[in-house]
Amino acid sequence: MPELPEVEEAAGRLRRAAVGHRVLALRALHPSQRKQLPPRRARRAVGRRIVAVERRGKYQTIRFDDDSTLLVHFRMDGDWHIGPCGDPPARFARAVLDLDNDTRLSLVDARALCTITWHERGVDPLPALGPEADDPAITATALRNALAARRGPIKAVLLDQRVLAGLGNIYAAESLWRASIHPAASAATLREPTLQRLITAIRASLADGVRNAARYRTGVRVAPLKVYDREGEPCTRCGATIRRITQAGRSTYYCAGCQRLKR
DNA sequence: TATTCCCTGTGC
DNA sequence: GCACAGGGAATA
């Protein structure tokens with residue numbers, strides 16, 4: 001379930017397990033990942049010390065002591081399994097990184113859509129990304145400027161990582177619900193007060209997500225989502241029925257009662 | 001700007 | 001069986 005909060009949580013576990021340690025082995029296991037990270041490229045990481053693990057949007061960067069970088073993206077359902085090197089490989093392990101502290105980092109992903117790529121020093125491994133979606137420095141004016149040239153509904157634009165980095169299908173829907181904005185509203189026509197509400201809503205949704213992602217592993221009950229995957233259920237704010245529509249090929253959930261389309 | 005595809009599993 | 005899945009790049 002990796003959007004910004006879940007990737008943040010996973011990157012934290014990775015950081016605690018890996019920073020300061022040397023790579024004994026790196027292997028891509030599935031053909032999809034072997035294509036991105038063939039054995040001769042993977043060998044470049046061997047012997048290097050991991051000096052930093054960072055998250056940017058939904059990407060994770062593993063930086064080595066020679067300033068080369070491994071760039072990891074979980075896509076739909078990637079995750080890290082962290083255990084001793086002697087453990088049998090997890091069923092859906094797509095790449096494995098063994099460290100000199102007897103730690104095996106397994107990139108697990110049933111769908112094999114995750115990406116792992118190695119980048120030489122001096123090249124920026126990240127694609128062009130907008131500001132972090134929960135960056136407190138984002139202003140309504142800046143967001144309005146970013147949306148001015150966009151055609152299309154706000155929901156689809158929120159999924160564009162060049163506009164804001166880190167939002168996916170779940171938190172885009174949750175944020176629009178919190179801000180009482182219809183997902184089909186034309187992005188370019190939203191006014192600043194509305195966008196300010198959206199910015200606040202995005203921050204709140206992601207903060208909830210971060211809290212939930214931290215609790216999830218400890219077994220503590222997590223706060224339920226407001227609209228995502230709740231088609232047919234009543235809205236907790238107005239009681240109207242949550243609807244599901246398709247936008248840009250994916251499901252959008254919203255409340256037809258309190259997320260009105262103005263025109 | 002909107003589909004199609006990448007993969008493979010789960011749930012209806 | 002078959003639709004569908006939280007992402008993103010490549011197409012048309």
Side-chain angles (χ1 to χ4, degrees), chain A residues 1-11 28-37 55-61 71-81 89-95 106-117 119 125-130 132-134 146-177 183-189 202 205-206 208-210 212-213 216 222-232 242-254:
Chain A
M1 33 200 95
E3 295 189 31
L4 184 154
E6 295 78 18
V7 176
E8 177 71 19
E9 188 276 334
L29 306 177
H30 188 282
S32 293
Q33 283 70 38
R34 281 182 84 81
K35 201 154 59 176
Q36 306 157 12
L37 189 65
R55 179 194 60 76
R56 175 80 170 95
K58 289 178 268 196
Y59 292 87
Q60 295 168 78
T61 56
L71 183 69
V72 173
H73 196 298
F74 283 164
R75 296 286 189 102
M76 300 279 221
D77 60 3
D79 196 7
W80 293 112
H81 279 199
R91 181 168 173 214
F92 299 121
R94 306 311 184 190
S106 299
L107 176 55
V108 293
D109 171 18
R111 269 176 265 187
L113 292 170
C114 64
T115 61
I116 179 167
T117 51
H119 302 265
L126 289 161
L129 295 171
E132 290 293 307
D134 58 357
L147 300 185
R150 300 296 301 241
R151 255 348 248 142
I154 184 64
K155 159 67 175 1
V157 175
L158 288 180
L159 295 182
D160 187 336
Q161 304 297 300
R162 294 168 302 183
V163 176
L164 290 176
L167 282 186
N169 208 32
I170 295 178
Y171 294 105
E174 294 293 300
S175 301
L176 289 169
W177 178 85
S186 163
T189 62
I202 289 170
S205 301
L206 290 174
D208 272 7
V210 167
N212 286 340
Y216 183 72
V222 299
L225 299 171
K226 296 297 191 179
V227 287
Y228 184 80
D229 204 21
R230 301 192 71 138
E231 184 182 16
I242 305 298
R243 302 222 177 127
R244 180 170 75 98
I245 56 173
T246 298
Q247 291 181 294
R250 32 190 18 120
S251 291
T252 298
Y253 299 84
Y254 73 103

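Naming: A, B, ... by sequence-line order, numbering from 1 per chain. Quick caveat, the model's predicted, so the values are computed rather than measured.
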Query - Pairwise distance NE2(A:H30) to CD(A:Q36) - rounded to 0.5 angstrom - result: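 The NE2 atom of A:H30 sits 10.5 Å away from the CD atom of A:Q36.
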
Query raised in the report: Taking atom CH2 of A:W177 and atom OG of A:S175, what is their separation to the nearest 0.5 Å?
Result: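 Between atom CH2 of A:W177 and atom OG of A:S175 there are 11.0 Å.
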
Rounded distance (Å) that lies between atom [atom2] of [N] and atom [atom1] of [X]:
X      : N      : atom1 : atom2 : answer
A:R244 : B:dC12 : CZ    : C1'   : 13 Å
A:R151 : B:dT1  : CZ    : P     : 7 Å
A:Q247 : C:dA5  : CD    : P     : 13 Å
A:Q33  : B:dC6  : CD    : C1'   : 11 Å
A:I154 : B:dT1  : CD1   : P     : 12 Å
A:D229 : B:dT10 : CG    : C1'   : 13 Å
A:Y253 : C:dC4  : OH    : P     : 10 Å
A:R162 : C:dG7  : CZ    : P     : 15 Å

Out of [options], which nucleotide sits closest to the side chain of [X]?
X      : options             : value
A:H73  : B:dC7, B:dT3, C:dG8 : C:dG8
A:R91  : C:dA5, B:dG9, C:dG8 : B:dG9
A:Y228 : C:dG7, C:dA5, B:dT3 : C:dA5

Counting any heavy atom closer than 4.0 Å, what does [X] reach on the DNA or RNA strands: base, sugar-phosphate only, or nothing?
X      : answer
A:G249 : nothing
A:F74  : nothing
A:R111 : base
A:R150 : sugar-phosphate
A:T115 : nothing

Report task. Please lay out, stage by stage, how A:R55 and A:E8 fare under the test salt bridge (Lys or Arg N to Asp or Glu O under 4.0 Å). Result -> CA-CA 6 Å; A:R55 179 194 60 76; A:E8 177 71 19; 2.4 Å; yes

Query - CA sep, side-chain torsions, deciding dist, call: A:F74, A:Q60, side-chain contact (heavy atoms from CB on, under 4.5 Å) - result: CA-CA 9 Å; A:F74 283 164; A:Q60 295 168 78; 3.1 Å; yes

Requested in this report: For B:dC7 versus C:dT11, give the span between their P atoms, rounded off to a whole number of Å.
Outcome: 14 Å

Report task. Considering only atom P, compute the distance from C:dG1 to B:dC6 and round it to an integer number of Å. Result ->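 Going atom to atom, P in each nucleotide, I get 23 Å.
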
Closer than 4.0 Å, any side-chain N/O of [X] to the OP1 or OP2 of [N]?
X      : N     : answer
A:Q161 : C:dG8 : yes
A:S32  : B:dC7 : yes
A:H30  : B:dT8 : yes

Query - Test item: A:E3 side-chain N/O and A:G168 main-chain N/O as donor-acceptor pair under 3.5 Å - result: yes

Query - Side-chain (A:Q161) to main-chain (A:L159) donor-acceptor, under 3.5 angstrom - result: yes

**Report entry** Nucleotide forming a Watson-Crick or wobble pair with B:dC7, both distances under 3.5 Å
**Finding:** none

